[in-house]
Amino acid sequence: MADDTPPFRYTATLADDIELRWQDWWDEHGTFETPNPTGPLGDAATTQARGEKLFVLDMFPYPSGTGLHVGHPLGFIGTDVFARFKRMTGHNVLHTMGFDAFGLPAEQFAVETGQHPAITTDENVATYRRQLRRLGLAHDPRRGVSTTDPAYYRWTQWIFNQIFNAWYDAEADRARPIAELIAEFESGTRAVPDGRAWSALSPGEQADIVNDHRLAYVSEAPVNWCPGLGTVVANEEVTADGRSDRGNFPVFKRNMRQWMMRITAYADRLIDDLDVLDWSDAIKTMQRNWIGKSHGADVDFQVTTTSGDAATITVFTTRPDTLFGASFMVLSPEHPLVGELTTPEQATIVADYQQAAAAKKDVDRQDETREKTGVFTGSYATNPINGEVIPVWIADYVLMGYGTGAIMAVPCGDARDFEFARTFGLPIPAIQQPPDAWFEAHEIAPTLDTEQWPEAFVGDAPYVQSSNDTLDLNGITTKDEGIALVNAWLESHESGQATITYKLRDWLFSRQRYWGEPFPIVYDSDGRPHSLPDDMLPVELPETDSFSPRTFEPDDEFSNPESPLDRLEWWVDVELDLGDGVQRYRRDTNVMPQWAGSCWYELRYLDPTNENRFVGAEVEEYWMGPRTDQRPDHPGGVDLYVGGVEHAVLHLLYARFWHKVLFDLGHLTSKEPYARLFNQGYVQAAAYQDERGIYVDATKVDGNPDDGFTLDGRPVSREWGKMGKSLKNAVSPDDMYAEYGADTLRLYEMATGPLDASRPWETRDVVGMYRFLQRLWRNLVDEDSGDLVVVDTPADDDTITLLHRTIDVVRTEMDALRFNTAIAKLIELNNHVTKLDATPREIAEPMVLMLAPLVPHVAEELWAKLGHDDTLTYEGFPTADPARLIDDTVEVPVQINGKLRSRIVVATDADQATIEAAALADDAVVTALAGGAPKKVIVVPRRMVNVVV
RNA sequence: GCAGAGGUGGCGGAGUGGUUAACGCGCUGGGCUGAGGGCCCAGUCCUUAGUGGAUCGCAGGUUCGAAUCCUGUCCUCUGCACCA
């Protein structure tokens, strides 16, 4: 900077001074502390005075070791602007931020640096807090919880116990305390599964039955074992190509004894309640797809095993109406009946096929482009609906993990079955008459001879060749009707039943890692789990230096998980009195997955210091209770939740599940955690790769799109990607603070586009918003003296009108989270003020207030210079005078044949005839008419006139 | 393949039946300033320079009038994917 820069110009240095000063002021005055109606943070009077409640929430940030980049705070700034705006329009706004600090990446970072994860986590959190504070976010600092704090995870463990000590009553369609289940067994109102009397069971047998009902249960089941991570992971954490979400290691299906959460009990409610959520259809669709509910039927096919016994193959189908077209069956190679159905002649070929299928990686098995493969078992089954004897095959396109692991193949109506039948020369009977248009599209004449069909017909069409002695579908045209008739027939003939299946599996909840919440569970000498009572919580994570998990070669499928906690014999072995006198127990050595802490954090924000309850009942009802005043079916929950789409199925599904359990058990009044979800876009940035395809540091690249890009003289190629460490294109907010200040950064991020759109980061564009703030500053402050230059003389009429129009638009746009257009309007107003001889106070004050949510520091500073001695946080947002929104006269475009030819000025309330007369008198129109009469004149008052000649 | 979102100046984006292109960046010229930077003004599709013409992925259509509505088509992004 040169010496002659005016001392009070709005420079980065001045911005830095203003911003730090106001951040301290806000902290000292507790400006952003939000009162609760009651409880530890209770202040009923202030709560009342602040106005209607509003809970604004950002997705729980995970404090990574590399600190923030400018892409992270996009949503944080958006929620801050919105929350500040709402404070100024009479709302009691709750907005805070804590940290999701447990989990794999924290632990991996700790392993890399050799530091204990507790230390690195604390450092990372401190860095995040510093960087976020520097942005001027108006968070209530008292509520910023961390999941790694024992005072926090004490309640995470308490919630686990609630889930453990609950079961799902399918009849009541809700979770209930496990004690009520035991009471039902004891009283005999609920029958014991094997029919014996409850009192006849040993205590151990009783415990096993009860444990089988719990919402959190230990089970030996196929799980995703990831040797590269040394832990099992949930289905949701496995990518489509069978690798781990974190680390991209191979994942293997293995039977292991693990903790599961019975999320499947909630499948229907998780789908149905999507209807009452204000979420995007895209996210709702993703959740529905993940839950994957499909209606269909289980159909029983009778077979005779090679040893002559009768057996039943049950298949699941969504199209029982096509049963008449089932011409063969296909079992998964892993299906338990395969052995008994394989004839000696086929034994070798079947065994070979099974072996080949087992050896295939999931990746290969899911490659749909490959040829259909499969082998015949040698056995035949009977189609229950028409008595046809059909061959039983095995093929790896049928998966054991879905439905029953067996399908009936209806090749005429299913693309895969069709392809399979063609490949192996199996019959393809037609059971529907496709419409003529279908044949035309395939350029063949209509025929039921499927030999001529190029592919399966999938859709609604009249059934043909679909009848037996007691059922006739022929002529029926809708599949719903067909399904209903076949289902009824199957049930009355005891050959099957209507049923529903889900793709959703129970949630695998345990991890063999160190950096997570320990389970509040111990095992007795029989190996049965017991939850620890409240007064033994929290179960603190034990101190140890050996926090690294045992990991394996990523493809070492048959390795076994070893939890770091297993090694801590002093901690694992305990003597406790759980009611039956002091006994020895072994602690559970798993830890919870990272999702646990984020399943309920929004509830702890409400009442972070409550030591008696995870959240006070009245506090929860105040902040999250159903807003039936807004709409009758409002489920309750956070008023605005902002975050990226990447959590569409993981976090959002898990959190909804926990919330519903807590709701069922009577701990909450809201039945959903997040009433409104808004998905922000991402900040993308140019990333560069060298000739080897390795990403290089984007800040060191020279060049431009026309001449190409280089690094140290060598060419590099450019692409756009999500900003982050892996693409080496991160820009730190610290650099932006230093160069322009936080207000400029905030403004730039909000101005580059609507909040839900992804946008490229261009550091060189930031200067535009910096200049805007400089012009704003100069309109109010003398750059040489620092004195206010605002005058108390009234503003002229045009300026006042512009002010009110700006207020009108800015209010609407901010309320709708469209900050980019609000900023554009404010720039226009400021540009107009720039042209005035002096800035009238009656313009300056509302302009500063309107800018306050966006650029709070400079707004506070100007507000103070304008003579106010308190923060503007709770000042009323300016209100537009409706009379100022309408002019006396209006300029109306005059079109001739739809082309703009002239403009006329008429009174705003002029009637059609007056406007038409004025238009016809216009020179351009007179010329165009050349003395003739117009064919037609269209007049839209206040909008336009169109003269057709 | 299926589903969803989207294609607007050199760039990010406004505008969703009525004056197309708000606001910002970049670029060009001029002015102020000792240079730099900054600020101010004008311009930035074509143009024979006209109160001219074209234009919102492409092609049709509806309408007095289309970026906006409809049909088809191409492309991009996101999600799902042998799910029975």
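First the proteins, then the strands, lettered A, B, ... as listed; each starts at 1.
Applying the salt bridge (Lys or Arg N to Asp or Glu O under 4.0 Å) test to every pair with at least one member in residues 769-785 of chain A, sequence neighbours left out, gives these pairs: A:R9-A:E783, A:R778-A:E783. Judged as a salt bridge (Lys or Arg N to Asp or Glu O under 4.0 Å), not a single pair has a partner in residues 399-408 of chain A (not counting sequence neighbours). For residues 744-753 of chain A, the pairs satisfying salt bridge (Lys or Arg N to Asp or Glu O under 4.0 Å) are A:D80-A:R746, with sequence neighbours left out.
Among the protein residues, A:D414 comes within range of no part of the nucleic acid, since none of its heavy atoms lies under 4.0 Å from any strand. Among the protein residues, A:K293 comes within range of no part of the nucleic acid, since none of its heavy atoms lies under 4.0 Å from any strand. Backbone-only contact: A:T318 has heavy atoms under 4.0 Å from sugar-phosphate atoms and none from a base.
Under the rule for a side-chain hydrogen bond (donor to acceptor under 3.5 Å, both in side chains), the partners of A:E455 that lie at least two apart in sequence or sit in another chain are A:H442. Among residues two or more places apart in sequence or in another chain, the side-chain hydrogen bond (donor to acceptor under 3.5 Å, both in side chains) test is passed with A:S294 by A:Y402, A:T501. When the side chain to side chain contact (heavy atoms under 4.5 Å, CB included) test is applied to A:N487, the partners found at least two apart in sequence or on another chain are A:A297, A:P320, A:I483, A:L490, A:A498. Scored by the side chain to side chain contact (heavy atoms under 4.5 Å, CB included) test, A:A406 finds A:I313, A:V315, A:L331, A:H335, A:T404 as partners (sequence neighbours excluded). Legend: residues meeting side-chain hydrogen bond (donor to acceptor under 3.5 Å, both in side chains) with A:D414, ordered by chain and number and at least two apart, are A:R416. The side chain to side chain contact (heavy atoms under 4.5 Å, CB included) test applied to A:A415 returns no partner, not counting sequence neighbours.
Going from atom NE2 of A:H647 over to atom P of B:G79 covers 14 Å, rounded to whole Å. Rounded to whole angstrom, the span from the OH atom of A:Y770 across to the P atom of B:G38 amounts to 10 Å. Following rounding to the nearest Å, A:N679 (CG) and B:G79 (P) show an atom-to-atom distance of 12 Å. As rounded to whole Å, 8 Å separates atom P of B:C23 from atom CG of A:N831.
Across B:C25, B:C83, B:C39, the shortest atom-to-atom separation from the side chain of A:R416 is found for B:C83. For A:V767, taking side-chain heavy atoms from C-beta onward, the closest of the listed nucleotides B:C25, B:G24, B:A84 is B:C25. Nearest to the side chain of A:A282, among B:G24, B:G4, B:C64, sits B:G4.
Between A:F328 and A:F424, the ring centre distance reaches or exceeds 6.0 Å.
Without hydrogens or angle criteria, A:Y397 side chain to A:G374 main chain gives no donor-acceptor distance under 3.5 Å. Checked by atom type and distance alone, the side chain of A:S280 pairs as donor or acceptor with a backbone atom of A:I283 at under 3.5 Å.
Between A:T834 and A:V649, the residue anchored nearer the 5' end of RNA chain B, judged by the nucleotide with its closest heavy atom, is A:T834. Comparing A:K835 and A:G768 by the nucleotide of RNA chain B that holds the closest heavy atom to each, the one mapping nearer the 5' end is A:G768.
B:G50 has its base syn relative to the sugar, with a glycosidic angle deviating from 0 by at most 90°.
Look at the C1' atom in both B:G43 and B:C75: the space between them is 34 Å, to the nearest Å. Rounded to whole Å, the P atom of B:A54 lies 12 Å from the corresponding atom of B:A67.
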Using a cutoff of under 3.5 Å, can you pull out all pairs of nitrogen or oxygen atoms linking the protein to nucleotides 53-55 of chain B, with atom names and distances?
{"residue": "B:G53", "atom": "OP1", "partner": "A:R901", "partner atom": "NH2", "Å": "3.2"}

Which dot-bracket string describes RNA chain B (Watson-Crick N1-N3 plus N6-O4 or O6-N4, or G-U N1-O2 and O6-N3, all under 3.5 Å; [ ] crossing; | other strand)?
((((((((.[[[..)..(....]]](((((((.....)))))))((.....))...[[[[[..)....]]]]])))))))....
Nucleotide-resolved protein contact map, nucleotides 12-22 of chain B, B/S/- at heavy-atom distance under 4.0 Å
SSS---BB--B
